[in-house]
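Below, chain A is the first sequence line, B the second, and so on; all start at residue 1.
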Amino acid sequence: MLTLKMLRDDPQHVIEKLAVKNFDAKEIVGKVLELDANRRSLQAESDALLARQKQVASRVGALMKEGKREEAEEAKKEASELKVRSNELLAKAEENNKELEAKLVLLPNIPCDLVVPGKGAEDNQIVKVGGPEVSLPENALPHWELAKKYDIIDFDLGVKITGAGFPVYKGKGARLQRALVNFFLDINTAAGYREIEPPSVVNAASGFGTGQLPDKEAQMYHVGLDDFYLIPTAEVPVTNLYRDVIIPGKDLPRAMTAYTPCFRREAGSYGKDVRGLNRLHQFDKVEIVRIEKPENSYAALDAMVAHVEGIVNRLGLRYRILRLCGGDMSFTSAITYDFELWSAAQGRWLEISSVSNFETFQSNRLHLRYRDDEGKIQLCHTLNGSSLALPRVVAALLEDNQTEDGIIIPEVLRPYTGFDRID
RNA sequence: GGAAGGUUGGCCGAGUGGUCGAUGGCGGCAGUCUUGAAAACUGUUAGUCCGCAAGGGCUCGGGGGUUCGAAUCCCUCACCUUCCGCCA
């Protein structure tokens, strides 16, 4: 959620910047400013009324003590009349402020200056391509075939147990999952990220805090009986750890990492995009989250990108880094770098990580603040990134490392898997 | 799931209708003293909204109600503790 201050100070800037995201904000911004002006004048009016009400009420007490009963009755009457008027105003203000909030949450985060305009994926900027070239034999198999061949991931069984998009990992396939999680967590903690194991189910307040609610409600599984949501990413519970918190400036930055299962309904997707591990309803992911002072957040973002690149490099897979254009960025992000692995067997890039700076967009909703050197309270910047999401790493790993003699496990993973090939 | 008792500022804890945004203690910060520190003493120490400011509004788990007036009374929801039941 954008801050009202930002909108008030320079509405034109907000409108221009949102155009980079292909978002025409003119009308909403105008409405927000109007509602904000209303809010302030309504408050000034009702505050004055309430102040008088309080004065009169305390006079009643004093008059009662002095035994001036008649005057007290007079005052009571006056207070009652004031109350009727202030209640009307308060109701009006509440309605106004609800509408203001409803409009305000419709505005996406403004992109930072590095972000170029664009409509969709085709306009993303390729920042870097790295890792070894992949050359596969003619008869190379996609990962879903390999999974079947070696009996390590069973999509059909998942359908039986739950439904499409809930695979069952078996044997070395299951062990590989556990190995990757541990490998990623170890690298992250070694880099100073504190390991967190959060709940995988959150309440609505948490969903709102990181921006999943109300706009992306359909993306989450909802537990109706208790009004809980299955998390779509560890970002939700981990960032919400700091909801309604004022952090002493000296305690920043905070860096955390968490492994969680992630649940996404992915309503409406189909085709080759969802084949095999390409898109799932449940998957494993290790996430990194940082809370920073505003002046440090872009340095932190660069550090996170470099950190994720380090992990990808160790896996020895072909990758590229994209800086997303305005139109392809999420609602909440100010800038996003995507990491993709090359899947030679599928002939396509697979997204495995998304590293973003949200600036104050989340912290404004979360009321996540810090006390600066002068003792003033300011909004923090929040950042997060995948490090990494497992399924597509597994997909690329299986496909790119396939040989006549089975799938070769990268050297760095062998201490975790306990085997060097899947055959 | 059943029963009872709770939820107050960074923490502990007082406050059961009248000037209470809240006594006191701890902790924090500043100062006095000290070569320095500790101790002692003094002062200070919630957030938020409106306002150029002066000042004012709101907040004692959340929401609603009673009343001229609510931290205090009533309703409701959430959470916590204890006992019973169940259980990895």
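- For the P atoms, the distance linking B/rG24 with B/rU42 amounts to 13 Å, nearest Å.
- Rounded to the nearest Å, the gap between the C1' atom of B/rG9 and that of B/rG13 is 11 Å.
- The existence of a salt bridge linking A/Lys92 and A/Glu95 is excluded, since no basic side-chain nitrogen approaches an acidic carboxylate oxygen closer than 4.0 Å.
- Taking the C1' atom of each, B/rC20 and B/rU8 are spaced 12 Å apart, rounded to whole Å.
- At a non-hydrogen distance threshold of 4.0 Å, A/Ala51, A/Lys54, A/Ala57, A/Ser58, A/Val60, A/Gly61, A/Ala62 from residues 51-62 of chain A come into contact with RNA chain B.
- For the pair A/Glu287 and A/Lys285, the salt-bridge criterion is met [side-chain N within less than 4.0 Å of a carboxylate O].
- OP1 or OP2 of B/rU67 has not a single side-chain nitrogen or oxygen of A/Lys83 nearer than 4.0 Å.
- The number of heavy atoms from other shown groups lying within 6.0 Å of NZ (A/Lys103) does not exceed 12.
- Each of A/Leu50 and A/Lys77 lies near RNA chain B, and the nucleotide nearest A/Leu50 is the one positioned closer to the 5' end.
- Residue A/Lys92 contributes atom NZ, which lies 21 Å from atom P of B/rG57 at whole-angstrom precision.
- B/rA37 makes up no base pair with any nucleotide shown, lacking Watson-Crick or G-U wobble contacts both under 3.5 Å.
- Relative to the six-membered ring of A/Phe208, A/Arg365 meets both conditions, a distance below 6.0 Å and an angle of at most 45° to the axis.
- Atom C1' of nucleotide B/rG51 and atom CG of A/Leu42 are separated by 16 Å, given to the nearest angstrom.
- Spacing between atom NZ of A/Lys68 and atom C1' of B/rC68 amounts to 17 Å, rounded to whole angstrom units.
- Between A/Arg59 and A/Glu71, no side-chain nitrogen of the basic residue sits less than 4.0 Å from a carboxylate oxygen of the acidic one, so the salt-bridge criterion is not met.
- Across all strands shown, B/rG21 has no partner, as no Watson-Crick or G-U wobble contact with both distances under 3.5 Å is found.
- B/rC52: no Watson-Crick or G-U partner with both key distances under 3.5 Å is found in any strand.
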Original post:
Yes or no on side-chain hydrogen bond (donor to acceptor under 3.5 Å, both in side chains) for A/Tyr298 and A/Glu292, after CA distance, side-chain angles and deciding distance?
Top reply: CA-CA 9 Å; A/Tyr298 277 88; A/Glu292 294 278 348; over 6 Å; no
Enumerate all atom pairs, one protein N or O and one N or O from nucleotides 46-50 of chain B, separated by less than 3.5 Å.
{"unit_1": "B/rG47", "atom_1": "OP1", "unit_2": "A/Arg371", "atom_2": "NH1", "d": "3.0"}
{"unit_1": "B/rG47", "atom_1": "OP1", "unit_2": "A/Arg371", "atom_2": "NH2", "d": "2.8"}
{"unit_1": "B/rG47", "atom_1": "O3'", "unit_2": "A/Arg369", "atom_2": "NH1", "d": "3.3"}
{"unit_1": "B/rU48", "atom_1": "OP1", "unit_2": "A/Arg369", "atom_2": "NH1", "d": "2.7"}
{"unit_1": "B/rC49", "atom_1": "O3'", "unit_2": "A/Arg39", "atom_2": "NH1", "d": "3.0"}
{"unit_1": "B/rC49", "atom_1": "O2'", "unit_2": "A/Gln43", "atom_2": "OE1", "d": "2.3"}
{"unit_1": "B/rC49", "atom_1": "O2'", "unit_2": "A/Gln43", "atom_2": "NE2", "d": "3.2"}
{"unit_1": "B/rC49", "atom_1": "O2", "unit_2": "A/Gln43", "atom_2": "NE2", "d": "2.9"}
{"unit_1": "B/rC50", "atom_1": "OP1", "unit_2": "A/Arg39", "atom_2": "NH1", "d": "3.3"}
{"unit_1": "B/rC50", "atom_1": "OP1", "unit_2": "A/Arg39", "atom_2": "NH2", "d": "2.5"}
{"unit_1": "B/rC50", "atom_1": "O4'", "unit_2": "A/Gln43", "atom_2": "OE1", "d": "3.4"}
{"unit_1": "B/rC50", "atom_1": "O4'", "unit_2": "A/Gln43", "atom_2": "NE2", "d": "3.4"}

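- Across B/rG43 and B/rU23, the matching P atoms stand 15 Å from one another, rounded to whole Å.
- A distance of about 7 Å separates the C1' atoms of B/rG27 and B/rC11, rounded to the whole Å.
- The partner of B/rG27 is B/rU45, by the rule that a Watson-Crick or G-U pair needs both atom distances under 3.5 Å.
- In this structure, CD of A/Glu45 is placed 17 Å from C1' of B/rC58, rounded to the nearest angstrom.
- Comparing the same atom, P, in B/rU48 and in B/rG10 gives a spacing of 11 Å after rounding to whole Å.
- Here the closest heavy-atom approach between residue A/Pro198 and residue A/Tyr259 is recorded as CD-O, 4.4 Å.
- Atoms CG (A/Leu63) and P (B/rG69) sit 15 Å apart, rounded to a whole Å.
- Between A/Asp156 and A/Lys160, no side-chain nitrogen of the basic residue sits less than 4.0 Å from a carboxylate oxygen of the acidic one, so the salt-bridge criterion is not met.
- Taking atom P in both B/rG25 and B/rA46, one finds a spacing of 15 Å when rounded to whole Å.
- For A/Gln12, the side-chain contact (heavy atoms from CB on, under 4.5 Å) partners are A/Asp10, A/Ile15, A/Glu16, not counting sequence neighbours.
- Put simply, the side chain of A/Phe331 reaches to within 4.5 Å of the side chain of A/Phe361, judged on heavy atoms.
- The CD atom of A/Glu94 sits 13 Å away from the P atom of B/rU59 (whole-angstrom rounding).
- The partner of B/rA3, taking Watson-Crick or G-U wobble pairs whose two distances both stay under 3.5 Å, is B/rU82.
- Comparing the same atom, C1', in B/rA14 and in B/rC60 gives a spacing of 13 Å after rounding to whole Å.
- The interatomic distance linking A/Asn203 (CG) with B/rG62 (C1') rounds to 13 Å, in whole Å.
- Atom CG of A/Asp227 sits in a crowded spot, with more than 12 heavy atoms from other residues, nucleotides or ligands closer than 6.0 Å.
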